[in-house]
Amino acid sequence: MNPWVMVLIIFVINIVYVTFSTMRMILTLKGYRYFAALVSMIEVVVYVVGLGLVLDSLDQIQNLVAYALGFGSGVVVGTKIEEKMALGYITVNVITDELNKELASILRSKGYGVTDWAAHGLGGNRSAMQILTPRKYELKLYTTIAELDPKAFIISYEPKTIRGGFWVKSVKRGKLFK
């Protein structure tokens, strides 16, 4: 076989392997254990084939380089796919410079789950909000907040457990953001 075709095959196999590996890890962390198990079965087959090709010709340095480059590329591809899948939810805490009931109302009208309260900071009265949204709407939420209050202070994180509340019921019924 042409050595450059072999390099290309090893490179592509390793991208596929590491992409599956990355996806398996993310699925496991997000609680999709059965889907992660299915992905892991495919991952191990691809891994054995790719590693076998490299080990059969350890004297060919280009194969090892292709394996390493494929590995790094697979991490990038896997994380990009995960970003597109946007599994799970995020909680966003927003603090504005002034009491701003309008921002909370606008976000609610767009379908976001918002809890707001008056807060007091170093510079005086503030409005604080906690917003829950599916990750696939995360960037849209940031854009909306920035348009309505460019000076808003934003912190986001992924909640591990979500239970109760009217918003969670709407998500389960599929009535969110329609």
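- Legend: residues meeting ring pair (Phe, Tyr, Trp, His ring centres under 6.0 Å) with Tyr47, ordered by chain and number and at least two apart, are Tyr17.
- Hydrophobic clustering of Ile, Leu, Val, Met, Phe, Trp and Tyr side chains at less than 4.5 Å, counting indirect connections, keeps Tyr112 apart from Trp117.
- Across Ile90 and Glu138, no two heavy atoms sit closer than the pair CD1-CG, 3.2 Å.
- When every heavy atom of Pro3 is checked against every heavy atom of Gln62, the shortest pair comes out as CB-NE2, 3.9 Å.
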Steps toward side-chain contact (heavy atoms from CB on, under 4.5 Å) verdict (Leu87, Leu27): CA-CA 9 Å; Leu87 300 172; Leu27 290 167; 3.6 Å; yes
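- Within the structure, the ring pair (Phe, Tyr, Trp, His ring centres under 6.0 Å) test picks out no pair touching residues 27-46 (sequence neighbours left out).
- Counting only heavy atoms from C-beta outward, the side chains of Asp97 and Phe153 never approach each other to under 4.5 Å.
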Steps toward side-chain contact (heavy atoms from CB on, under 4.5 Å) verdict (Val92, Ile155): CA-CA 6 Å; Val92 178; Ile155 300 173; over 6 Å; no
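- Between Tyr89 and Glu158, the shortest heavy-atom distance links the atoms O-CG, 3.7 Å.
- You'll find the side chain of Met41 stays beyond 4.5 Å of the side chain of Val39, heavy atoms only.
- Put simply, CZ on Phe71 and CG on Asn14 are 7.0 Å apart, with the number rounded to the nearest 0.5 Å.
- Under the salt bridge (Lys or Arg N to Asp or Glu O under 4.0 Å) criterion, the residue pairs touching residues 67-93 are Glu82-Arg135, with sequence neighbours excluded.
- Atom CD1 of residue Ile81 and atom CD1 of residue Ile26 lie 9.5 Å apart, to the nearest 0.5 angstrom.
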CA sep, side-chain torsions, deciding dist, call: Asn93, Ile154, side-chain contact (heavy atoms from CB on, under 4.5 Å): CA-CA 6 Å; Asn93 289 337; Ile154 302 171; over 6 Å; no
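- Interatomic distance, OG1 of Thr19 versus CD1 of Ile42, reported as 12.5 Å (0.5 Å rounding).
- Taking every heavy atom of both residues into account, Gly50 and Ile13 meet most closely at CA-CG2, 3.4 Å.
- Gln130 places a side-chain heavy atom less than 4.5 Å from the side chain of Thr91.
- The distance from atom CG of Leu107 to atom CD1 of Ile145, rounded to the nearest 0.5 Å, is 5.5 Å.
- Between Ile106 and Leu148, some side-chain heavy-atom pair lies under the 4.5 Å cut-off.
- Applying the side chain to side chain contact (heavy atoms under 4.5 Å, CB included) rule to Asn2 yields the partners Trp4, Val5; only residues at least two apart in sequence or on another chain are considered.
- Contact of the Ile61 side chain with the Leu64 side chain is registered, since non-hydrogen atoms from C-beta on lie closer than 4.5 Å.
- Both Leu69 and Leu53 belong to a single network of hydrophobic side chains, linked directly or stepwise wherever heavy atoms of I, L, V, M, F, W or Y lie under 4.5 Å apart.
- Between Leu103 atom CG and Ser127 atom OG the span is 7.0 Å, to the nearest 0.5 Å.
- Residues Met6 and Leu58 share a hydrophobic cluster, clusters being chains of Ile/Leu/Val/Met/Phe/Trp/Tyr side chains in contact below 4.5 Å.
- By the neighbour-count criterion of 12 heavy atoms within 6.0 Å, atom NZ of Lys136 is sparsely surrounded, having that number or fewer from other residues, nucleotides or ligands.
- The main-chain N or O of Gly70 is never found under 3.5 Å from a side-chain atom of Ser73 such that the two would form a donor-acceptor pair.
- Pairs passing the side chain to side chain donor-acceptor pair (under 3.5 Å) check and including a residue from residues 48-58, sequence neighbours excluded, read Ser57-Asn63.
- With hydrogens and angles disregarded, a donor-acceptor distance shorter than 3.5 Å links the side chain of Arg108 to the backbone of Val114.
- Qualifying side chain to side chain contact (heavy atoms under 4.5 Å, CB included) partners for Thr79, counting only residues two or more places apart in sequence or in other chains: Thr22.
- Criterion: ILVMFWY side-chain heavy atoms under 4.5 Å apart, direct or through other members. Under it, Val45 and Met25 are not part of a common hydrophobic cluster.
- A distance of 9.0 Å separates OG1 of Thr115 from CG of Leu132, quoted to the nearest 0.5 Å.
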Working for side-chain contact (heavy atoms from CB on, under 4.5 Å), residues Met129 and Thr96: CA-CA 9 Å; Met129 288 168 269; Thr96 63; 4.0 Å; yes
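- Although no hydrogens or angles enter the test, the distance criterion places no donor-acceptor pair under 3.5 Å between the side chain of Arg33 and the main chain of Thr28.
- Residue Ile10 is grouped with residue Val16 when hydrophobic side chains (ILVMFWY) are merged at heavy-atom distances under 4.5 angstrom, including chains of intermediate members.
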